[in-house]
Amino acid sequence: MRNELTFAPLSGSETELLAVLAADMQSAKGADAKPAPALLTDDEVVKTAATAVLESGEFKGGANETLLLHAPAGLKAKRLLIVGLGKAGKATAHSVRNATGTVVRFAKPRGIREVALAAPVWDALDVATGARAAAEGALVGDFDPDTYRSERKDVSLQRFTLVVPETADRKTLEASFAEGIIVGESQNFARSLVNEPGNKLTPTVLGQRAAEMAQQVGLRCEVHSTEKLHELKMGAFWSVSQGSAEPPALVVLRYEPEGVKDGPVLGLVGKGITFDTGGISIKPADNMEKMKYDMAGGAAMLGAIRAIALLKPKVRVIAVVCAAENMPDGKAQKPGDVQTAMSGKTIEIINTDAEGRLVLADGLCYARQLGATHLIDAATLTGAISVALGQVNAGAFSNDDVTYAKFETSLTVSGEKFWRLPLGNEYAEMIKSDIGDIKNTGGRYGGAITAAEFLHVFAEDVPWIHLDIAGTAWIDESRPYIAKGPSGIAVRSILEWVRSYIGPQSLNE
Ligand code: BES
Ligand code: MN
Ligand code: ZN
């Protein structure tokens with residue numbers, strides 16, 4: 001998809017489809033007066049073309065609601081699509097992101113290959129922020145998972161044009177729009193990895209994809225395997241991969257901006273289980289095919305560091321992705337086995353299906369050894385997180401309120417939903433082992449929390465955030481603005497969290 005920004009009058013736009021956003025102006029109380037939805041443009045010709053239908057009351061302006069007009073009067077565009085943003089008081093940049101995704105996903109199945117969107121002109125949102133959100137939403141909306149279908153149903157859009165008022169500041173807008181493209185493409189890069197089946201994307205292939213990406217965006221990258229795991233004494237990580245014919249991959253990416261010699265080093269650690277059968281504690285057959293997405297945390301880190309490399313914030317970042325395949329086999333680890341992690345802690349294996357925390361234990365330890373001063377991990381770690389939060393919010397945990405506050409602020413930019421859950425000694429007690437230091441499961445209750453406490457043992461007192469994205473990394477039902485399949489959750493929030501660390505302390509100039 002080509003993305004373009006044009007500074008021109010809307011009504012002159014020669015396009016297959018011109019989309020304009022509209023906000024619902026009805027306040028909850030004003031039941032008598034029913035104002036029509038407000039079209040977010042200054043263009044009088046476009047407003048006139050839409051007046052009749054907006055005043056008819058047929059279109060309410062609800063989030064992602066659509067209404068199509070053919071041959072709109074006075075416009076060069078062949079079609080005018082009005083897309084709802086939701087209630088005026090509640091709509092945000094994220095509403096623009098989603099509404100833009102809706103525009104693209106409206107066009108694709110109708111064979112419309114080229115669309116233009118009027119950048120929302122709206123006092124609640126500056127045009128530049130809207131432009132970034134629109135670029136992101138268009139790219140996210142353009143993604144479809146049917147890459148292995150012989151005749152792809154919904155091939156990519158050829159062109160997305162954002163039409164901006166001529167009076168807008170060119171430089172600011174171009175930078176914002178370009179940023180949105182980088183972010184959207186990085187999120188889609190993560191989604192494309194998550195979408196790959198386990199037979200295509202083995203740990204080795206995931207390592208190759210990471211290395212190719214690193215080459216393209218100018219990151220240092222190393223991909224290690226079995227030998228290095230043994231050398232580093234990564235007994236927890238290795239125990240997961242030992243039952244698979246596929247060797248593990250330990251992917252390390254480094255972003256070192258010029259001139260930044262001190263300040264924080266942010267460590268991004270991702271779970272990269274390319275397929276999770278459960279191992280000897282094997283999973284039931286129902287839905288097991290979905291366990292190809294068990295590397296979504298690792299993919300999120302790759303997507304985030306890709307965006308970081310292109311946006312160049314002045315803060316050092318290291319990403320560590322622990323990739324393995326969890327298989328049952330004559331060589332596989334068994335319940336009751338005891339493993340020694342890189343940190344020296346001994347782990348009693350209760351359930352071989354609690355493998356994510358094992359690879360992350362060594363990943364967190366290694367990121368610290370490489371110099372990380374702050375840690376964030378992302379993992380499709382527990383089914384229990386979906387029991388707690390459904391498929392709406394992802395789970396977040398942290399041992400440090402200041403670090404978490406920065407993450408929470410980043411959510412207002414990313415539009416992603418995370419909900420913080422507690423840690424605590426009582427939970428840590430639940431994973432004490434009778435034979436060794438800790439065990440890898442803590443029973444049925446508070447499963448997402450005991451899993452987080454397991455990771456806490458390896459993060460220790462380094463400021464750390466754990467993201468459990470098991471319930472949100474895969475979308476089961478398509479939405480107007482995003483396809484079903486991999487969501488790319490956490491890429492945008494991690495990126496913004498990283499950017500929150502650029503301050504005077506890390507600037508060496
Ligand atoms: N990869 C799974 C978690 C998962 C479940 C991700 C559903 C996505 C959707 C993880 O490795 C796992 O199997 N966790 C177990 C832990 C249990 C054995 C303590 C779980 O959640 O059942
Ligand atoms: Mn598992
Ligand atoms: Zn897993």
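Atoms within each ligand, like the ligands themselves, are counted from 1 in listed order.
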Side-chain contact, heavy-atom cut-off 4.5 Å: Phe160 with Thr100? yes

Taking the six-membered ring for Trp, are the ring centroids of Phe397 and Tyr404 within less than 6.0 Å of each other? no

Counting backbone and side-chain atoms alike, does Asp353 have an N/O/S atom under 2.8 Å from the Mn ion (ligand 2)? yes

Could you work out, with side-chain contact (heavy atoms from CB on, under 4.5 Å) as the rule, every residue matching Val338, not counting sequence neighbours? Thr346, Ile435

Does Glu136 pair with Arg97 as a salt bridge, N-O distance under 4.0 Å? yes

Determine which of the N, O or S atoms in Asp276 is closest to the Zn ion (ligand 3) and give its atom name. OD2

Does Asp144 pair with Arg149 as a salt bridge, N-O distance under 4.0 Å? no

Sub-4.0 Å heavy-atom environment of ligand 1, residues by chain: Lys271, Asp276, Lys283, Met291, Tyr293, Asp294, Asn351, Asp353, Glu355, Arg357, Thr380, Leu381, Thr382, Gly383, Thr441, Ala470

Stepwise ring-ring contact (aromatic ring centres under 6.0 Å, His included) check, His456 with Tyr427: CA-CA 11 Å; His456 191 184; Tyr427 298 107; over 10 Å; no

How is the N/O/S atom of Asp294 that comes nearest to the Zn ion (ligand 3) named? OD2

Of all N/O/S atoms in Glu355, the name of the one nearest the Zn ion (ligand 3): OE2

If the cut-off is 2.8 Å, does any N/O/S atom of Ile273 fall short of it from the Zn ion (ligand 3)? no

Residues Glu355, Lys283: salt bridge by 4.0 Å N-O rule: no

What N, O or S atom of Asp276 is found closest to the Mn ion (ligand 2)? OD2

With side chain to side chain donor-acceptor pair (under 3.5 Å) as the test, pick out the partner of Asp377 among Lys271, Arg357, His466. His466

Salt bridge check: are Lys87 and Asp24 linked by an N-O gap of less than 4.0 Å? yes

Tell me which N, O or S atom of Glu355 sits nearest to the Mn ion (ligand 2). OE1

